[in-house]
2 protein chains.
Amino acid sequence: MAATIKDVAKKAGVSIATVSLVIHNNPRISPETRKRVLQAIKDLDYHPTHSARGLVSQKSGNIGFIVTEDHFSRSEPFYTQIFLGTEFQAREYEYYILLTTIPSKYTEKDDLPRFILERNVDGIILAGKIPPVLINRLSRYKLPLVFVDYFPPEGNFPVVMIDNIDGALKATEHLIECGRTHIAFIGGDIEHPSIQERFVGYKMALEKHGLPFDPNLTVTNEPYPSREYGYQAAKKLFSQQTPIDAVFTCNDAMAIGTLQYLKEQGIKVPEDVSLIGFDDVEADLSLDPPLTTIRVPKIEMGMQAVRLMIECLNSEQVFVKKLLVPAELVIRKSTCKKQQ
Amino acid sequence: MAATIKDVAKKAGVSIATVSLVIHNNPRISPETRKRVLQAIKDLDYHPTHSARGLVSQKSGNIGFIVTEDHFSRSEPFYTQIFLGTEFQAREYEYYILLTTIPSKYTEKDDLPRFILERNVDGIILAGKIPPVLINRLSRYKLPLVFVDYFPPEGNFPVVMIDNIDGALKATEHLIECGRTHIAFIGGDIEHPSIQERFVGYKMALEKHGLPFDPNLTVTNEPYPSREYGYQAAKKLFSQQTPIDAVFTCNDAMAIGTLQYLKEQGIKVPEDVSLIGFDDVEADLSLDPPLTTIRVPKIEMGMQAVRLMIECLNSEQVFVKKLLVPAELVIRKSTCKKQQ
DNA sequence: AATATTCAGTTAAACGTTTAAACTAACAGA
DNA sequence: TCTGTTAGTTTAAACGTTTAACTGAATATT
């Protein structure tokens, strides 16, 4: 049987309270006693039991992680990486992460995650789009909620978001630094908040560098940011007569479609048209040429979410911090300096 | 504050023991009392607290999940899916999964996962290759261990494995049913147990259907089952004069490499040469033609692992069951009937 | 010298359950 | 009528911690 605090106390010749105080670095304990206790702890390989601690402290030591089923199991492991980030950081702070997936169309009838009912989490991190009805139900428990990669439409919560504007700015500026002056934007569905932000970043970069904004160079009405629609968008763009020497697509999937179209048309990438995406998905590397893109630091986002959560848990008053994590330019072979 | 068993007891006018007995369906309780208690539980939305239960029952209600860092975060979400499977099944049985990643080169010096020290898991599921030194350390705790997708070289543990032989058999038989008679095998590193098994399945299918086994049609000495080596292997294979009308590659990555080579050589897939892979990775769908392959039921494997674990936890004597989960043929466009 | 303060530790209650053992009332058997 | 049995419920201990309140000794203050 594993050692308990009683065994340690007996071995060190003190009361169990003393052992506990030593563990919590209480200054009331004399150096000698502390040393004896520490030695006993080591000898017996003692570690306080999770449940016992949890019971008396009324803290579970766990953080819940909620994500919809399809988000978590989709092929691009975006949320998996975020989850992994939370795991790393939680371990650091001696918390456990309890993951649960929920149906994408969560309704009032569906169960609440069990960890809430059993009071087995001290707070909850929610990743990606979460049905409002669930958010409502959760807010009734007075657990801190932290959102990652989703800005809840109602309520005021701590969130960790990608800095889309900054990322798009970096992408566009990179193209400008390559000497490109006719830079197109392919955006998929402009209703989507992240895409809107990326569009803003694009325009900011143009303005900052004194380039004109030409609506003819933008396609923002495709229904979905997929490869197929990337292809379609490129087709629209290049069927006009406007000259184009660079394209910024708002995600890598669309960039891949665009690339396919350009190749079919015999347009050389990166020489004739330089191409930059957004996301940094696995497929980028096996493209020809490998895609220059903006990397989203997924692991980092997860870590930040946990840090926000810890702050919430340690502070008395509710506090709401919104965090933008910067995306990073990854230069590969689909962009290059323009030959004059 | 959330309701406790005391609140329920008071509301129903019984002792807390009665409430507990009702919850555990103890037959000693009279129907009327039971009904009253159940009503009170419902009214107060009472759920027993996890830590309190854990403390008194000396069970954590958690199952640990260990996987190496690189396995979990690699691009193809193989272990993520397995993990997800464990989550689904664990939820069913009212267990929580506690995931932790470990360094791939785990040494004696590295920490044990915290959930072991804190006695916060009742058993551990280990996915993928696990360093023997860790297995040794873990076996000293008397927690049940269940392995998924890895057959530990020492010791006798419950395991869940892919039925590689059956999968390879299915793949090869599919090619035979397509009327192919000169079927090549590309295997990567034959030292790897799964690859050996797939090789066995391949040979079994040939024998079963009275086709000769020709060593010239096999490449099994590539260092690593990657796209590049798939390309190389195909090159070796097709540089000989032996006719080939189908190829079974032991995984999809090598199939992709092989496909690239065949296209470059102007060999038509699936007409001239039909091609089948193994694994069913995401990329298969965006190939031209989309790859016929053998799907590994990852979610199912995770679920099975949990079921095995539950059996371990509920049975007194140690028991060791080995499970092979069948892989499934997924027909796409890279295979077709041979034109005579 | 008497009293107050500080130091270093102990005592005991509490957290929310489970469960063996004890209890009580009703009933059956003699 | 007394004893034994059974059914239904309660009592109380236990699980392994934390921590407020307490104690006794040593030291400081007057």
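Residue numbers start from 1 in every chain, and the chains themselves are labelled A, B, ... in the order their sequence lines are given, proteins ahead of strands. Computed from a predicted structure; not experimentally measured.
Between A:R53 and D:dT18 there is a side-chain N or O to OP1 or OP2 distance below 4.0 Å. Side-chain nitrogen and oxygen atoms of A:Q58 include none within less than 4.0 Å of the OP1 or OP2 phosphate oxygen of D:dT18. The phosphate of C:dG16 (OP1 or OP2) has no side-chain N or O of B:T49 nearer than 4.0 angstrom. Residue A:S51 places no side-chain N or O under 4.0 Å from the OP1 or OP2 atom of D:dG16. Taking 4.0 angstrom as the limit, B:T4 places none of its side-chain polar atoms (N or O) nearer than this to OP1 or OP2 of C:dC15. Residue B:T18 places none of its side-chain N or O atoms closer than 4.0 Å to OP1 or OP2 of D:dG8.
Using modelled atom types, one side-chain atom of A:S57 and one backbone atom of A:R53 make a donor-acceptor pair closer than 3.5 Å. Side-chain N or O atoms of A:Y96 include none that pairs as donor or acceptor with a backbone N or O of A:G64 at under 3.5 Å.
Rounded to whole Å, the distance from CG on A:N25 to P on D:dT18 is 12 Å. Atom pair B:L21:CG and C:dT18:P shows a separation of 9 Å (rounding to whole Å applied). Protein atom CG of A:L117 is 13 Å distant from nucleotide atom P of C:dT17, rounded to whole Å. Distance CD1 (B:I23) to C1' (C:dT18): 10 Å, rounded to an integer number of Å. C:dT10 atom C1' lies 17 Å from atom NZ of A:K10, rounded to whole Å. Note: NE2 (B:H50) to C1' (C:dT18) measures 15 Å, nearest angstrom. In this entry the distance linking NE2 of A:H24 with C1' of D:dT17 reads 9 Å, nearest Å. The interatomic distance linking B:N26 (CG) with C:dT17 (C1') rounds to 15 Å, in whole Å.
Sequence order on DNA chain D of the closest nucleotides to A:H47 and B:I29 puts B:I29 first from the 5' end. Each of B:S57 and B:G13 lies near DNA chain D, and the nucleotide nearest B:G13 is the one positioned closer to the 5' end.
Distance from the side chain of A:A17 is smallest to C:dT11 among C:dC15, D:dC15, C:dT11. With distances taken from any side-chain atom of A:V56 to the nucleotides C:dG9, D:dT17, D:dT10, the minimum falls on D:dT17. Considering only the side chain of A:A52, D:dT17 comes nearest among C:dT10, D:dT17, D:dT9. Here the side chain of A:S15 is nearest to one of C:dT11, D:dG8, D:dT18, namely C:dT11. Comparing atom distances between the A:S20 side chain and each of D:dT17, C:dT17, D:dT18 picks out D:dT18 as nearest.
Side-chain contact, B:S60 with B:N120: no donor N or O sits under 3.5 Å from an acceptor N or O. A side-chain N or O of A:Y106 and one of A:R137 form a donor-acceptor pair less than 3.5 Å apart.
Under the 30°/60° scheme for interplanar angles, the aromatic rings of B:F147 and B:F157 are found to be tilted.
A donor-acceptor contact under 3.5 angstrom links the side-chain atoms of A:R28 to the base of C:dG9.
Comment: A:R91 engages A:E87 in a salt bridge, judged by a side-chain N to carboxylate O separation of less than 4.0 angstrom.
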